[in-house]
Structure formats: C-alpha cells, structure tokens
Amino acid sequence: MEIEADAISVRFGAVALFEGVDFAMRAGEMVGLIGPNGAGKTTLLRVLASLRAPEGGRVRYRGRSAAELGRRELARRLAYLAQDASVHWPMRVDALVALGRLPHRRPFQGVTAADRDAIEQAMAATAIMSLRSRTLAQVSSGERMRVLLARALAVDARVMLADEPIAALDPLHQLQVMQLLRAIAGEDRGVIVVLHDLALAMRFCDRLVLLARGGILAQGAPARVLTDDNLAQAYGVEVVRGERDGIPFLLPWKPSGQGEGGA
C-alpha cells in the first residue's frame, strides 16, 4: 500500500514543529525517519498512521483518505508500534500478541485458525515463544519491545510503522529486528521506522528522511542523505566511515560545533 503526505504542518500552540513536509512510501520500501531529538519524527509517524491530525496538509492511502477507508479497514492495512506503548493490566504475552488480530475479527467472534497462525508466526519471528505464559511485568524492557512488535506483526498489515523499535534492545536483537523489518519490506509491503542508530539506518533502509530545522533537511538514498554536511547541520557531529563486505557504515565520532546538537 502506498502512503502519500502532502504539505504536512504540525504546530503546538503558536510554535511550528515542522511546515510543508511532503512524504511518500511505496510498497516494497523500508523508509527510515531520522533526525535529532525534537525534530518531529514520532509526530510525523503518528500523522502518517492517522493517529494525529496535522494542522495543514493531508495524508492519502492509495489515493484515499482515512475517513474514506474507515477506521477498521485502516487498522487492517496499517500496524503501528509505539515507542512508549503501555499495557495497564497483567495480560499474558500470548494474549497480548493476540490483540493484533482484533481488526480482522467480527464482534464476539473467537480466535480463528488464521488468527492462531498469525499469532504463532509473529511470536516465532520475534523470538518470544519462551515468554508466552509470562505477563509484561515478568519480562525485561527489551523483551517487552519484542512482545509489542509481535503484536504489531500479528496484524499482518500491508504497512508497518515502528517508532524506535530497537531502542531498548541488545546488539543481537537490534540486528534481528532490523533484518525482520527488512524482510517485511521484501514481501512487497512497506515499513516506516524511526531510528537513532545511523549505522543501522544506513545499512538496512532503502531511503532516509532526515528531519531537522523545522522540516526535511534531506531525503533519498542513505548515501545521499548521510553526508558529512547534513550530519553536521542536523546533529552537530562528525563521523568516521568504513566498509565491511562491501557495505558502507559510519559512526558518530565527535561534536562538530554545528547544527541543532552543536554549541
């Protein structure tokens, strides 16, 4: 499913977070939203998920608005993973993952064979099968994020929108989650992911959108976006670069004295 956003503006009171932002995602793409703290990455993701109405502009899903699709149909097509998603009751992990199937079920309908398959596949993909009988109070913060990712995967949506899904994970699980999101995009679906790890963004994303200075500073292929000048302007850092197995990578190395993160 394609998502197109035109001239999106978001304000908090009289203060503009960003103005006139255009965004597009095509099926088969993994798009990374990057930028310094406060640039509006999470807010833009929520606008794209129809969880926040922008003050200006519009979002279309294959040419149709959220109102035209309806909330139920949109919930089938989009899966959203929030960074700070909270669960206020002691549900078992497998029951929580099963909530991802709600958009596909009629009122009072029980769990179907298709639901069970989707739930099991989501738990296997996120390596949480051993946690199924625990509650969220009995798992670590990293395990909790993988449980919530499994709930989003269980939706079996055409587009996954994930807000910092690797923030609480150890290096192994960071790589596994990024590989999983990459695989989802490879199934002719779409992934939009908020990231702070520039090395993983460069390695796994097809395109990057760099938010800074009240709008989009740069967007396109990772190599075109993650230039020394863009990184200095947006983050106020200098980076070191290298290559492994023909794949380029970079590491933030020291403050540059420029940009939003600079002096």
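None of the values given here were measured: they were computed from a predicted structure.
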Q: Sorted by first residue and then second, give each side-chain hydrogen bond (donor to acceptor under 3.5 Å, both in side chains) pair with at least one member in residues 118-131; sequence neighbours left out.
A: E120-R132
Q.
Rounded at 0.5 Å granularity, tell me how far SG in C205 sits from CE in M178.
A. 5.0 Å
Q.
If you compare all heavy atoms of V59 against all heavy atoms of A5, which two are closest, and at what distance to 0.1 Å?
A. CG2-CB, 4.1 Å
Q. If Ile, Leu, Val, Met, Phe, Trp and Tyr residues are connected whenever their side-chain heavy atoms lie under 4.5 Å apart, and connections chain through other members, are L175 and V191 in the same group?
A. yes
(Q) Using the rule that Ile, Leu, Val, Met, Phe, Trp and Tyr join whenever any side-chain heavy atoms are under 4.5 Å apart, tell me whether L99 and V111 fall into a single cluster. (A) no
Q) Of all residues at least two apart in sequence or in a different chain, which pass the side chain to side chain donor-acceptor pair (under 3.5 Å) check with T43? A) none
Q. Hydrophobic clusters join Ile, Leu, Val, Met, Phe, Trp and Tyr when side-chain heavy atoms are under 4.5 Å apart, directly or via other members; which others share one with W253?
A. V240, L251
Q: Mind checking side chain to side chain donor-acceptor pair (under 3.5 Å) for R92 and listing every partner two or more places apart, or none if nothing turns up?
A: D94
Q) Do the side chains of L161 and L44 join up, straight or via other hydrophobic residues, at under 4.5 Å, putting them in one cluster? A) yes
Q | Residue pairs involving residues 191-209 (criterion salt bridge (charged side-chain N to carboxylate O under 4.0 Å, His left out); sequence neighbours excluded) | A | E29-R207, R182-D206
**Q.** salt bridge (charged side-chain N to carboxylate O under 4.0 Å, His left out) partners of D163, counting only residues at least two apart
**A.** none
Q.
Once side-chain contact (heavy atoms from CB on, under 4.5 Å) is applied, do any residues pair with S50, and if so which ones, sequence neighbours excluded?
A. Y61, A66, R71, L74
Q) What residues form a salt bridge (charged side-chain N to carboxylate O under 4.0 Å, His left out) with R76, not counting sequence neighbours? A) E73
Q | SB check D117 R101 (cutoff 4.0 Å) | A | no
Q: Mind checking side chain to side chain donor-acceptor pair (under 3.5 Å) for R52 and listing every partner two or more places apart, or none if nothing turns up?
A: E55
Q.
Salt bridge check, E2 against R60: does any charged N sit closer than 4.0 Å to a carboxylate O?
A. no
Q | Listed partners of R134 passing side chain to side chain donor-acceptor pair (under 3.5 Å), at least two apart | A | none
Q: With sequence neighbours excluded, tell me which residues meet salt bridge (charged side-chain N to carboxylate O under 4.0 Å, His left out) with D228.
A: R241
**Q.** Shared hydrophobic cluster for Y80 and V155 (ILVMFWY, side-chain gaps under 4.5 Å)
**A.** no
Q) Which heavy atom in G63 sits nearest to a heavy atom in E68, and how many Å separate them? A) O-OE1, 4.3 Å
Q: Locate the shortest heavy-atom distance separating R189 from I184; write the atom from each residue and the value.
A: CB-O, 3.5 Å
Q) Side-chain contact, heavy-atom cut-off 4.5 Å: M202 with P248? A) yes
Q. Any Lys/Arg nitrogen of E187 or R158 sitting under 4.0 Å from an Asp/Glu carboxylate oxygen of the other?
A. no
Q: State, to 0.1 Å, how close M160 and L153 come at their nearest heavy-atom pair, and which atoms those are.
A: CE-CD2, 3.6 Å
Q) Can you list the residues that meet the salt bridge (charged side-chain N to carboxylate O under 4.0 Å, His left out) rule with R64, with sequence neighbours excluded? A) none
